[in-house]
Participant: 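Just passing along the structure, written as structure tokens.
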Amino acid sequence: MDEQNVIKEFIAGDVKAFEKIFYNYSRELYFVALGLCRDQALAEDAVQECFVYLWSHRPQLNIKKSFENYLITMVKNLVLNHLRHLQVVADREEDIVREIVFANTEEEDFSSKLDVVRELIDSLPESCRKVFVMTVIEGISYADTAKTLGIAVNTVKSQVRIAYKKIRDAVKNGTDNDALIILFLLLLKKML
């Protein structure tokens, strides 16, 4: 069976055709991703995300040229977006440290405080964490976040509220008030 027929069957929802596509391209896509990021876990995630997106958006697929190039471009974009995201998070963390030092707080090692905040954020449920990072850390609007994730704006608001509550409760149960200050600065930065 030729590739065009496999793609047509895949678009029609044939799982066997999807498996053929996966087995034909996943290894090549993995090495493309690995070449860009030099991180095995990120490369695997990018390939997985590529195929999840491909499956969930198959009815809208309209590939005019090479299917292989389409997949390679998708994986490259996923990896580059993730790397940009990591840079945005790192930049925001540096801004927060500068703000804390500027606010004449006791000069301590705030990197450990940022680690506490990072751990708190990482402990959130995945969907909640994704929304929180996009809106609060990256500063993306609720509407844009909702559109990107394919959810309602009210769902974004609820997820942010839940994230703040979980983080606030975790900080209250601990003795680390500096982590709460960092979160407050994140919220303040979002409002400005």
Side-chain angles (χ1 to χ4, degrees), residues 37 39 41-60 74-75 77-192:
C37 66
D39 180 339
L42 176 56
E44 289 171 0
D45 288 347
V47 172
Q48 181 179 6
E49 195 171 333
C50 171
F51 282 103
V52 167
Y53 180 89
L54 196 63
W55 179 259
S56 62
H57 291 82
R58 70 186 182 285
Q60 295 89 19
M74 187 186 312
V75 165
N77 288 337
L78 287 167
V79 170
L80 294 175
N81 285 343
H82 184 76
L83 294 174
R84 276 188 224 105
H85 164 75
L86 292 177
Q87 186 58 49
V88 167
V89 169
D91 292 347
R92 293 296 290 252
E93 287 176 353
E94 289 173 15
D95 290 345
I96 291 168
V97 169
R98 274 194 295 272
E99 287 179 21
I100 290 172
V101 171
F102 182 74
N104 286 332
T105 5
E106 295 177 26
E107 291 198 23
E108 295 178 27
D109 178 23
F110 283 100
S111 65
S112 64
K113 307 301 182 201
L114 283 173
D115 288 340
V116 170
V117 172
R118 242 187 251 116
E119 288 173 18
L120 290 172
I121 292 170
D122 288 343
S123 71
L124 295 170
E126 184 179 346
S127 61
C128 191
R129 180 180 63 246
K130 194 179 275 188
V131 169
F132 184 79
V133 168
M134 287 178 76
T135 57
V136 177
I137 305 293
E138 295 177 5
I140 298 172
S141 72
Y142 287 168
D144 289 342
T145 300
K147 185 176 180 181
T148 301
L149 297 176
I151 57 178
V153 174
N154 284 337
T155 303
V156 172
K157 291 178 183 177
S158 296
Q159 292 293 326
V160 170
R161 191 171 36 256
I162 290 167
Y164 272 122
K165 182 179 180 345
K166 286 183 182 264
I167 293 170
R168 201 170 32 247
D169 290 347
V171 171
K172 280 182 187 175
N173 294 335
T175 58
D176 197 354
N177 288 333
D178 290 332
L180 192 57
I181 291 170
I182 291 170
L183 286 171
F184 173 74
L185 290 173
L186 281 172
L187 179 60
L188 185 62
K189 195 166 203 106
K190 169 80 173 131
M191 288 184 207
L192 296 176

Participant: To the nearest 0.5 Å, how far apart are CE in Met134 and OG1 in Thr148?
Facilitator: 4.0 Å
Participant: What's the shortest heavy-atom distance between Met74 and Leu54, and which atoms?
Facilitator: CE-CD1, 4.2 Å
Participant: With sequence neighbours excluded, give me every salt bridge (charged side-chain N to carboxylate O under 4.0 Å, His left out) pair touching residues 148-165.
Facilitator: Lys165-Asp169
Participant: For Cys128 and Ile162, which heavy atoms make the closest approach, and how far apart are they?
Facilitator: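 The answer is SG-CG2, 4.0 Å.
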Participant: Answer yes or no: are there more than 12 heavy-atom neighbours, outside Glu126 itself, under 6.0 Å from its atom CD?
Facilitator: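 Atom CD in Glu126 is not packed in, count stays at 12 or less.
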Participant: Are any of the side-chain heavy atoms of Ser123 and Lys166 separated by less than 4.5 Å?
Facilitator: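 No. Closest side-chain heavy atoms not under 4.5 Å.
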Participant: Minimum heavy-atom separation for Leu124 and Ala163, please, with both atom names.
Facilitator: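 Leu124 and Ala163 have their closest heavy atoms at CD1-CB, 3.7 Å.
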Participant: Would you check, one step at a time, whether the test side-chain contact (heavy atoms from CB on, under 4.5 Å) holds for Val131 with Ile151?
Facilitator: CA-CA 10 Å; Val131 169; Ile151 57 178; 4.1 Å; yes
Participant: State, to 0.1 Å, how close Asp144 and Ile140 come at their nearest heavy-atom pair, and which atoms those are.
Facilitator: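 Shortest heavy-atom separation between Asp144 and Ile140 comes out as CB-CG2, 3.6 Å.
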Participant: Name all residues meeting the side-chain contact (heavy atoms from CB on, under 4.5 Å) criterion together with Glu44; count only those two or more places apart in sequence or in a different chain, and write none if there are none.
Facilitator: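 Result, side-chain contact (heavy atoms from CB on, under 4.5 Å) vs Glu44: Tyr30.
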Participant: With rounding to the nearest 0.5 Å, note down the distance linking CG in Leu78 to CG in Asp45.
Facilitator: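 Reported to 0.5 Å precision, the distance equals 10.5 Å.
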Participant: Of all residues at least two apart in sequence or in a different chain, which pass the side-chain contact (heavy atoms from CB on, under 4.5 Å) check with Asp39?
Facilitator: Cys37, Ala41, Leu42
